[in-house]
Enquirer: 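Can you read through this structure? Questions will come right after.
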Amino acid sequence: MPDDAPRFIAKYALEAVPRYTSYPPATKFHGKVGLADWQRWMTQQDKNPALSIYVHIPFCKSMCWYCGCHTTIPNGHRRVEHYLAALDIDIRRRAESAPPDGRVCHIHFGGGSPDMLKPEEFRAVMQQIRASFNVAPDAEIAVELDPRGLDSELCQAMAQTGVNRASLGVQDISHEVQKLIHRIQPLEIVQAAADKLRAVGISAINMDMMYGLPAQSVARVCETANAIAGMGADRVSVFGYAHVPWFKKHQRAIPEERLPGAAERFDQMLAANHTLSEAGYERIGFDHFARPADPLARAARDGSLRRNFQGYTTDPSTILIGLGASAISECPQGYVQTEPNPVRYANAVTSNADMIVRGVGRSMAQQAVASRIANLLCQFETEVEPGDPVDLAKDMLADALVRIDDGRITLTEAGRPYVRNLAARIDPAFRSTTEQHSVAV
């Protein structure tokens, strides 16, 4: 093994640190921020801002036990219809407060499972977005999909309304693992879903896989990574399973005795990275991969890579408008999050009440910290400034995980898996003893 190869160091791998998909992290959100704050912030934006829209569909046909998302299993489609009626109002209401000269360059449907929508329902949502916002002709419109619920009619509706990228959840191709996570999904179903999407012209396909699941092994992770590469995925996200049964009660169904240990998790992560790299993918940040010609790989090379709640992205927007239950909105001045419960969200929207339940403002100093942490997560380096708590990174320096020279702090090859640890050390607000986060690896 090369001297600079990543290695398992329990102190860092098991350290609970933020994922830094936002700054301040979501653990800093509080209930004293509401819709009025967001509307005020919208009057303070620069001219002609780039906008991004996130639409949350909080429904699934069945619960995957590993899931950490805000989702529910409806007892009938009328619940979905009631939710969509509120979403329609939410779209128009949020558009009224958005900068009138803003232009939408990115739309992302997440969940839950957006494939819970009927074709005509998906069309209606997209029509209302286009009627309410100025959507750029070349906007990227992406949808997260459960391969098990995808049919040709919905694919056609998505293509006709402008969807040009789709993400399919694979996780692991082992039947034993799938049984233990309550997601039986033969590989043929994933391949069929990709074929349906490509048949209607949605050719940009992302796939997700996980490590750290019950009964997973290095061999099974490699088999999954090879299968994904064989299906021609353009991008691959490799996520570590976060076992938080105190937060997501359905995770109690996962047999903890079957979960891999910390060192095994680390080996699985390295195995996924190596397998995908050998298959021709370029590493993007610490948990994404992309084909060299993919826009994400180009963004990583030219320094324009970004990171948000969906992970690494090419989205250049300065304002993210989150629509639907639990959706988070972002602008330079701060974040707001809507009511996570779909019923309470819908009732708040339809009664013209404040559907924002928490958020946090962001000072100019915090914006500067956010920019530096983003540089670190996207490029593995950032500048060292006077007053930085660099002494907090002495342990990482001693372990040859980082180096400091010419006014910059840089992760070494061995240190890249621990980039979140370094981000926490340069975060002046981080307090590991008072907040709950997922482990670093």
Side-chain angles (χ1 to χ4, degrees), residues 6 12-13 15-28 52 106 108 206 208 211 235-240 242 266 269-270 272-273 276 281-290 294-318 320 328 330 332 335 360 362 365-385 388-390 392-393 396-397 401-404 408-430 432 435 437-441:
Y12 305 112
E15 186 177 15
V17 291
R19 292 196 64 82
Y20 289 113
T21 50
S22 68
Y23 190 84
T27 51
K28 300 293 186 182
S52 181
H106 188 97
H108 189 101
N206 305 353
D208 299 339
Y211 62 88
R235 300 177 186 175
V236 185
S237 301
V238 182
F239 300 122
F266 193 87
M269 179 270 294
L270 291 183
N273 293 359
L276 291 169
Y281 291 89
E282 294 185 5
R283 290 187 300 171
I284 310 297
F286 65 89
D287 58 5
H288 282 45
F289 293 81
D294 187 271
L296 198 68
R298 295 200 299 269
R301 291 193 295 267
D302 67 23
S304 62
L305 186 68
R306 301 281 299 279
R307 183 169 170 79
N308 62 17
F309 291 101
Q310 284 74 57
Y312 289 101
T313 179
T314 59
D315 181 3
S317 65
T318 56
L320 168 63
I328 297 176
E330 175 187 3
Y335 302 87
V360 66
R362 184 161 60 178
Q366 288 171 324
Q367 291 180 39
V369 173
S371 177
R372 297 179 62 217
I373 288 178
N375 289 341
L376 189 61
L377 294 172
C378 292
Q379 305 298 333
F380 295 109
E381 65 176 23
T382 194
E383 67 277 6
V384 176
E385 295 185 349
D388 275 353
V390 175
L392 296 179
M396 300 187 75
L397 279 164
L401 303 179
V402 303
R403 64 176 184 271
I404 299 178
R408 301 191 71 79
I409 187 166
T410 305
L411 271 299
T412 64
E413 185 68 24
R416 287 192 172 197
Y418 305 113
V419 62
R420 288 167 56 200
N421 304 79
L422 181 57
R425 281 159 174 74
I426 69 169
D427 175 4
F430 178 65
S432 62
E435 298 173 355
H437 302 285
S438 61
V439 295
V441 181

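All values below were derived from every heavy atom in this structure, side-chain atoms included, with hydrogens, water molecules and symmetry-related copies excluded. Counting begins at 1 with the first residue of the sequence.
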Enquirer: Counting C-beta onward and ignoring hydrogens, is there a side-chain heavy-atom pair between R235 and P295 closer than 4.5 Å?
Expert: yes
Enquirer: Does P332 offer a backbone N or O that forms a donor-acceptor pair with the side chain of R362 under 3.5 Å?
Expert: yes
Enquirer: By side-chain contact (heavy atoms from CB on, under 4.5 Å), which residues pair with R283, not counting sequence neighbours?
Expert: S277, F289, E413, R416
Enquirer: Please answer whether the main-chain N or O of L320 pairs with a side-chain N or O of S317 as donor and acceptor at a distance below 3.5 Å.
Expert: no
Enquirer: Evaluate the side-chain proximity of Y20 to P25: yes if any heavy-atom separation is below 4.5 Å, no if none is.
Expert: yes
Enquirer: D287: which residues meet the side chain to side chain donor-acceptor pair (under 3.5 Å) condition with it, sequence neighbours left out?
Expert: R19
Enquirer: Would you find a donor on one side and an acceptor on the other, under 3.5 Å apart, between the side chain of N421 and the backbone of Y12?
Expert: yes
Enquirer: What distance separates T410 OG1 from E383 CD, expressed to the nearest 0.5 Å?
Expert: 10.5 Å
Enquirer: State whether a side-chain donor-acceptor pair under 3.5 Å links D427 with Y23.
Expert: yes
Enquirer: About how many Å separate OH of Y211 and CZ of F266, when rounded to the nearest 0.5 Å?
Expert: 8.5 Å
Enquirer: Would you sort out whether F239 and H288 count as a side chain to side chain contact (heavy atoms under 4.5 Å, CB included), showing the intermediate values?
Expert: CA-CA 9 Å; F239 300 122; H288 282 45; 4.1 Å; yes
Enquirer: For residues 296-308, which residue pairs pass the side-chain hydrogen bond (donor to acceptor under 3.5 Å, both in side chains) check, not counting sequence neighbours?
Expert: E282-R301, D302-S304
Enquirer: Between T313 and H106, is any pair of side-chain heavy atoms under 4.5 Å apart?
Expert: yes
Enquirer: Knowing that exactly one of V402, L422, V419 qualifies, which makes a side chain to side chain contact (heavy atoms under 4.5 Å, CB included) with F380?
Expert: V419
Enquirer: Stepwise, does the side chain to side chain contact (heavy atoms under 4.5 Å, CB included) test hold for I426 with V384?
Expert: CA-CA 9 Å; I426 69 169; V384 176; over 6 Å; no
